[in-house]
2 protein chains.
Amino acid sequence: MSVKPRPLAPQIACGDCQIRHRAVCARCDGDELRALEEIKYYRRFEAGQTLVWSGDRMDFVASVVNGIATLTQTMEDGRRQMVGLLLPSDFVGRPGRARAPYDVTATTDVMLCCFRREPFEAMIRETPHLAQRLLEMTLDELDAAREWMLLLGRKTAREKIASLLAILARRNATLQARAGSGGTITFDLPLTREAMSDYLGLTLETVSRQISALRRDGVIHLEGKRHITVPDMNRLLSEAGDDSDGGLVD
Amino acid sequence: MSVKPRPLAPQIACGDCQIRHRAVCARCDGDELRALEEIKYYRRFEAGQTLVWSGDRMDFVASVVNGIATLTQTMEDGRRQMVGLLLPSDFVGRPGRARAPYDVTATTDVMLCCFRREPFEAMIRETPHLAQRLLEMTLDELDAAREWMLLLGRKTAREKIASLLAILARRNATLQARAGSGGTITFDLPLTREAMSDYLGLTLETVSRQISALRRDGVIHLEGKRHITVPDMNRLLSEAGDDSDGGLVD
DNA sequence: CGAGCGGTTGAGTAGGATCAATTGTTGTGG
DNA sequence: CCACAACAATTGATCCTACTCAACCGCTCG
């Protein structure tokens, strides 16, 4: 249980940063960036590591630079629900709160750009660009959370799986900048079956069965356990129950 | 289907407003309040009315002054999930977005304090107090949404009901300023069984059965259909699975 | 080689959904 | 004043989806 010395990564100039235009700092001008450079430092985590435990003191907030992390809540008897999926440029922590309300776990290797909390809170108060961007990001997260609530409360297991795959596919599509809506899309699952079950409010057995079912029905193709091909995105979307089109299965 | 002329309510001075210190305007100083007075107007809605339809254009944002409203999402086949419960001082609408993503419905008579969207957005940019308060409120809503996700994804029907009752009881307790944690609490359900089922991701039959079960087991008492007494708040909390104490049922 | 881990599949079960009947309660019109 | 419709809610019977428990596969690592 001994903790390795925290891996501090070398400083990167904000100007060279991959997430410069999507993270909290997106709207900051030159002076503001320089102020941020003063209070930032990088930390690297390995896949599987817990970055923060629920209830822990957090004296930083951070942007995810690369990798994927999750927020999860756990009940006393061990039931777990993922409540956040953090991708590059997403924000971790809450200004004005010292204790973490959720476990934060790295599902892949993760690099964080951390800001010491106190000076960051001061900047929020003083530089409107930072506060405005954070507000915008928080509103987006709230919308995502509400979409997620519909999934958890009302969708069937099959629809849940299809929805998650659609989210991941769409994300990869924007990165690959292809596939208007109908084309073939390919990506790797960044989550284990267990993590997927925590996301979807299912058991891992049900996740596995439904993935198999979608494969049998030709909605997706699988190579190995993790590599997924979606031959027809519209088909996947209609399986997800989201429908832009009208569910024209037959 | 004819729409009554929208009920415009008489103007109230911000200084006399019940929600002055909890709404978006909570941190505003005198000048800022005066600017808000310029762009605000009141609207009243009757119980059951839909304030906004999903997809509609919204050219205002608003604070709930009194009454209770809900945000709901609906799938094509009619499955519905509530994704927000709006109480007095809560905020409706999103600066920077013209179209409503959810249906907003009054469950009781509701009064809104509306701000025309364009000037309000300008104020967000210029008066940091407004933006800061809105950020804070949005972060609180995000936390609430994540708590709700745990409920939807992992709790049993009985725990869901107990959780909802605990939330409503706690809210009334703060209003009545009593009942540290153990005392008797009494309140009226502001929701129909159907609205509760939309909140909890259940059917209304299951809601009814579980309320009956909690009554049989002495966790709550019922007078009529809507008036609820909680003799032991800790008992209710442990039924909800939230537990501050360890679930010491036997 | 065996242990550990991620994943798949099968058999049996249970919790909540579905379909249906019934009881108030309220409000409307004759 | 009562009959009737509309609506909220309760309760019962039955069904089915997803959970539970269990065995097993393939791969990696020590």
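Letters A, B, ... are given to chains in the order of the sequence lines, protein chains preceding strands, and every chain is numbered from 1.
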Margin query: Heavy atoms only, 4.0 Å cut-off, all strands: where does A:Gly224 land among base, sugar-phosphate and nothing?
Written below: nothing

Next item on the list: Let me know, please, whether A:Glu194 or B:Ala157 comes out on the 5' side of the other along DNA chain C by nearest nucleotide.
Entry: A:Glu194

Checklist line | Residues B:Arg79 and A:Glu159 bridged, charged N to O under 4.0 Å | finding: yes

Margin query: Among B:Arg170, B:Lys160, B:Lys155, which residue satisfies the salt bridge (charged side-chain N to carboxylate O under 4.0 Å, His left out) criterion with B:Asp242?
Written below: B:Lys155

Notebook entry, point to check: Would you call B:Arg80 and B:Asp198 a salt bridge, taking side-chain N to carboxylate O under 4.0 Å as the test?
Noted result: yes

Item checked: First of B:Arg154 and B:Lys225 reached from the 5' end of DNA chain D, by closest nucleotide -> B:Lys225

Next item on the list: Can you label the angle between the A:Trp148 ring and the A:Tyr199 ring as parallel, tilted or perpendicular, going by 30° and 60°?
Entry: parallel

Next item on the list: Looking only at side-chain atoms of B:Arg193, point me to the closest of D:dA8, C:dA17, D:dT10.
Entry: D:dT10

Notebook entry, point to check: Expressed in angstrom and rounded to an integer, what is the separation of B:Leu222 atom CG from D:dA8 atom C1'?
Noted result: 14 Å

Notebook entry, point to check: Within less than 4.0 Å of OP1 or OP2 of D:dA9, is there a side-chain N or O belonging to B:Arg226?
Noted result: yes

Checklist line | A:Met233 and A:Leu237: CA distance, side-chain angles, deciding distance, side-chain contact (heavy atoms from CB on, under 4.5 Å) verdict | finding: CA-CA 6 Å; A:Met233 193 60 191; A:Leu237 287 175; 4.3 Å; yes

Next item on the list: Take B:Val61 and B:Arg94 through the test side-chain contact (heavy atoms from CB on, under 4.5 Å) and record every step on the way to the result.
Entry: CA-CA 7 Å; B:Val61 296; B:Arg94 173 174 172 162; over 6 Å; no

Item checked: Atom pair distance, as rounded to whole Å: CG in B:Asp198 and C1' in D:dA9 -> 15 Å

Note to self: Nearest to the B:Glu205 side chain among C:dC19, D:dT10, D:dA22, which nucleotide is it?
What the structure shows: C:dC19

Item checked: Protein-nucleotide distance (B:Leu204, atom CG; D:dT10, atom P), rounded to Å -> 10 Å

Next item on the list: Scan B:Gly201 against the nucleic acid and name what it touches under 4.0 Å (heavy atoms): base, sugar-phosphate only, or nothing.
Entry: sugar-phosphate

Check: Sequence neighbours excluded, which residues qualify as side chain to side chain donor-acceptor pair (under 3.5 Å) partners of A:Arg193?
Finding: none

Check: Contact class for B:Arg79 (heavy atom, under 4.0 Å): base, sugar-phosphate, or nothing?
Finding: nothing

Next item on the list: Consider the side chain of B:Thr156, meaning its heavy atoms from C-beta on, and name the nucleotide among C:dG6, C:dG16, D:dT10 that approaches it most closely.
Entry: C:dG16

Note to self: Without decimals, in angstroms, what is the distance between A:Leu202 CG and D:dT20 P?
What the structure shows: 11 Å

Notebook entry, point to check: How many Å lie between CG on B:Leu200 and P on C:dG15, as a whole number?
Noted result: 18 Å

Notebook entry, point to check: In residues 206-217 of chain B, which ones come under 4.0 Å of DNA chain C, going by heavy atoms?
Noted result: B:Thr206, B:Arg209

Notebook entry, point to check: Under 4.0 angstrom, heavy atoms only, what part of the nucleic acid is B:Thr203 near: base, sugar-phosphate, or nothing?
Noted result: base

